[in-house]
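These figures come from a predicted structure and were not determined experimentally.
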Amino acid sequence: MSQINGTENRFRDAWELTVDAWQRSVRTIRNTPSLLMLSGLLGVSLWIFVTEEQNPTLVDELTAPILVQSVNVETGLAVANQLPSVQIVLAAPQERWDDIAAGLGAFTAFVDLNGLTGREQQVQVQIDIEGIRGVRVVEIIPERVTVNLEDLTSVEVPVRVRAVGPLPLGYEQGETTVNQRSVIVTGPASLVSRVSDAVADINVTGLNLGIEQTVTIVPRGAGGGEIRGVTLEPSTARVGVEIRQSTLVRTLPFRIEVKGAPAPGFRIANLVISPATITVEGTLETLQQVDSIDLGEVDVTGERTDVTRAITVELPPGLSVTERRVVTVVVQIAPIDGDFSFAIVPTLVGVGSGLTATLSEPTVELILNGPLPLLNELTTEDLQVTLDLTGLGVGTHEVPATTTTPEGVIVTSLQPETVSVTLAAG
């Protein structure tokens, strides 16, 4: 029980101290109201100082210019000129600039034309900011823009379909259809008067079948340029275009005749045509009569080296081509390989001093293989068979024969491969 009473006494003492402090504070504020105001100002100043230190206010231009729009245009009038873009200077804390860089906030520049009827006037640009707080407009560059007002008028113009883009080889554009024969052009009188028609472009690039789609209609002048600043009603149309195959496409090989024969001992090794084929187009009847494209003839009479010709392709009547029409023809000429037999007297080298050598075979037979023109020109002086007797003494020895031949000629047989040599004292 004594513990409970002690707790109650401490609570009562604390409450009395709190009430006493509050009463003294109230009396101080009543007696010195200026002290309250000073404290408030100091608190606000301290808050502003701390905020600026941690999140300073930055003044800078918005990165992208903003196109000026017109609002509240008087009935019967229309803006005749293209309004410019303006640059705006903003003041905002650093964290707000980070939000703007991240894509937050919508900035709209506009001129309010309510009550304005003059044909030309300078109007103050206003900025509307949505989606972000704590951002202030410091400057608009320029602050005012020129607005030309004209009478609002409407005319009816025809709709023209225009196919855009290349079709594949062998296809052509057929008839076009549009569900909207005409549209109403509305806008300033000077701009409306320049509109000659409304064009519906449809992309047919690479198509080999007809297509139908909804496209946007664009007002255009007599020179084909787009007329901006007017509106169309309706603004879209359902457009169709027919694509049909006008010709067939076929890839054909080339054919060439090689006339004559190369020089004796030479042959035609290969025939190279580059490119080897050509893609042509024509009617079915024409293509059924053609299996290849004739390049004429190439004469190789007496030739010893490759024959190269650049030939211009001549197409049969009724065929056309979009590729290059010059073909390179190479007739490759190569020597004919053959075999020749020669009887060669061996040459002895390294015979010791005071010794004489006697061969069991007076000649060695060489069978050679190589280009016939080269073999036809060989003599025994161009060939050599050597027997090396270095270090051999008196007696009979089997000595291997070694051969030396011109470049391009190889030995296919050597008989005998070793020769019996008898050395005797001289």
Side-chain angles (χ1 to χ4, degrees), residues 48 51-74 77-116 118-150 152 164-165 185-188 190-192 194-195 198-203 205 213-221 223-236:
I48 294 174
T51 301
E52 283 294 320
E53 283 293 319
Q54 296 183 352
N55 190 22
T57 298
L58 300 180
V59 177
D60 199 358
E61 286 187 354
L62 194 64
T63 303
I66 304 175
L67 182 65
V68 178
Q69 305 174 15
S70 59
V71 298
N72 297 328
V73 181
E74 292 294 324
L77 296 178
V79 177
N81 62 313
Q82 183 70 37
L83 298 182
S85 296
V86 295
Q87 196 74 47
I88 61 174
V89 179
L90 302 175
Q94 177 63 60
E95 63 181 15
R96 291 292 179 267
W97 282 107
D98 295 339
D99 293 339
I100 293 173
L104 297 180
F107 299 86
T108 305
F110 64 94
V111 286
D112 189 350
L113 304 182
N114 185 31
L116 299 181
R119 289 305 183 251
E120 180 177 334
Q121 53 252 307
Q122 293 289 316
V123 183
Q124 177 70 42
V125 178
Q126 302 180 52
I127 304 296
D128 182 41
I129 303 175
E130 295 182 355
I132 190 168
R133 301 179 62 184
V135 177
R136 177 170 54 89
V137 177
V138 175
E139 185 180 6
I140 305 173
I141 307 172
E143 295 183 351
R144 307 176 74 87
V145 296
T146 300
V147 178
N148 295 324
L149 294 176
E150 292 183 4
L152 185 68
V164 179
V185 183
T186 301
S190 62
L191 296 181
V192 171
R194 295 170 53 191
V195 179
V199 178
D201 288 337
I202 184 168
N203 190 354
T205 302
Q213 60 184 209
T214 299
V215 300
T216 300
I217 310 173
V218 178
R220 298 193 179 274
E226 180 179 354
I227 306 299
R228 300 179 181 274
V230 298
T231 60
L232 299 182
E233 180 58 39
S235 59
T236 62

For residues 128-135, which side-chain donor-acceptor pairs fall under 3.5 Å, sequence neighbours excluded?
none

List, one per line, each side-chain donor-acceptor pair under 3.5 Å for residues 80-87, sequence neighbours excluded.
from: Asn81; atom 1: OD1; to: Asn148; atom 2: N; distance (Å): 2.9
from: Asn81; atom 1: ND2; to: Thr146; atom 2: O; distance (Å): 2.9
from: Gln87; atom 1: NE2; to: Leu62; atom 2: O; distance (Å): 2.2

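Side-chain contact between Leu90 and Trp97: present, with at least one pair of heavy atoms (C-beta onward) separated by less than 4.5 Å. Side chains of Val73 and Val79 form a contact here, defined as non-hydrogen atoms less than 4.5 Å apart.
What you find for Asn203 and Gly165 is that their closest heavy atoms are OD1-CA, 4.4 Å. The heavy-atom pair separating Gln121 from Arg119 by the smallest distance is NE2-C, 4.3 Å. When all heavy atoms of Pro234 and Ile217 are compared, the closest pair comes out as O-CD1, 4.0 Å. The two atoms that bring Val125 and Ala109 nearest to each other are CG1-CB, 4.2 Å, heavy atoms only. Nearest heavy atoms, Val71 versus Phe110: CG2-CD1, 3.7 Å.
Every side-chain contact (heavy atoms from CB on, under 4.5 Å) that Leu152 has, sequence neighbours left out, goes to Ala78, Thr186. For Thr216, the side-chain contact (heavy atoms from CB on, under 4.5 Å) test picks out Thr236, with sequence neighbours left out. Residues satisfying the side-chain contact (heavy atoms from CB on, under 4.5 Å) criterion with Val89, sequence neighbours excluded, are Val59, Glu61, Val138, Glu139, Ile141. Residues satisfying the side-chain contact (heavy atoms from CB on, under 4.5 Å) criterion with Gln124, sequence neighbours excluded, are Glu143, Arg144.
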Tell me, with the steps shown, if Val147 and Leu116 meet side-chain contact (heavy atoms from CB on, under 4.5 Å).
CA-CA 10 Å; Val147 178; Leu116 299 181; over 6 Å; no
Report the C-alpha separation of Asn114 and Glu74 in whole Å, then their side-chain angles, then the decisive distance to 0.1 Å, and conclude whether the side-chain contact (heavy atoms from CB on, under 4.5 Å) test is met.
CA-CA 6 Å; Asn114 185 31; Glu74 292 294 324; 3.3 Å; yes
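Rounding to the nearest 0.5 angstrom, the gap separating the CD atom in Glu120 from the CD atom in Glu150 is 10.5 Å. Expressed to the nearest 0.5 Å, how far CD of Gln69 lies from CG of Asp112 amounts to 12.5 Å. Here Leu104 contributes atom CG and Arg96 contributes atom CZ; the two are 9.5 Å apart, rounded to the nearest 0.5 Å. Note: Thr63 OG1 to Ile88 CD1 = 10.5 Å, rounded to the nearest 0.5 Å. To the nearest 0.5 angstrom, Ile127 atom CD1 is 5.0 Å from Ile66 atom CD1.
Just one of Ile227, Val230, Thr231, Leu191 meets the side-chain contact (heavy atoms from CB on, under 4.5 Å) condition when paired with Val185; it is Val230. Between Glu226 and the options Val199, Val218, Val195, a side-chain contact (heavy atoms from CB on, under 4.5 Å) holds for only Val218.
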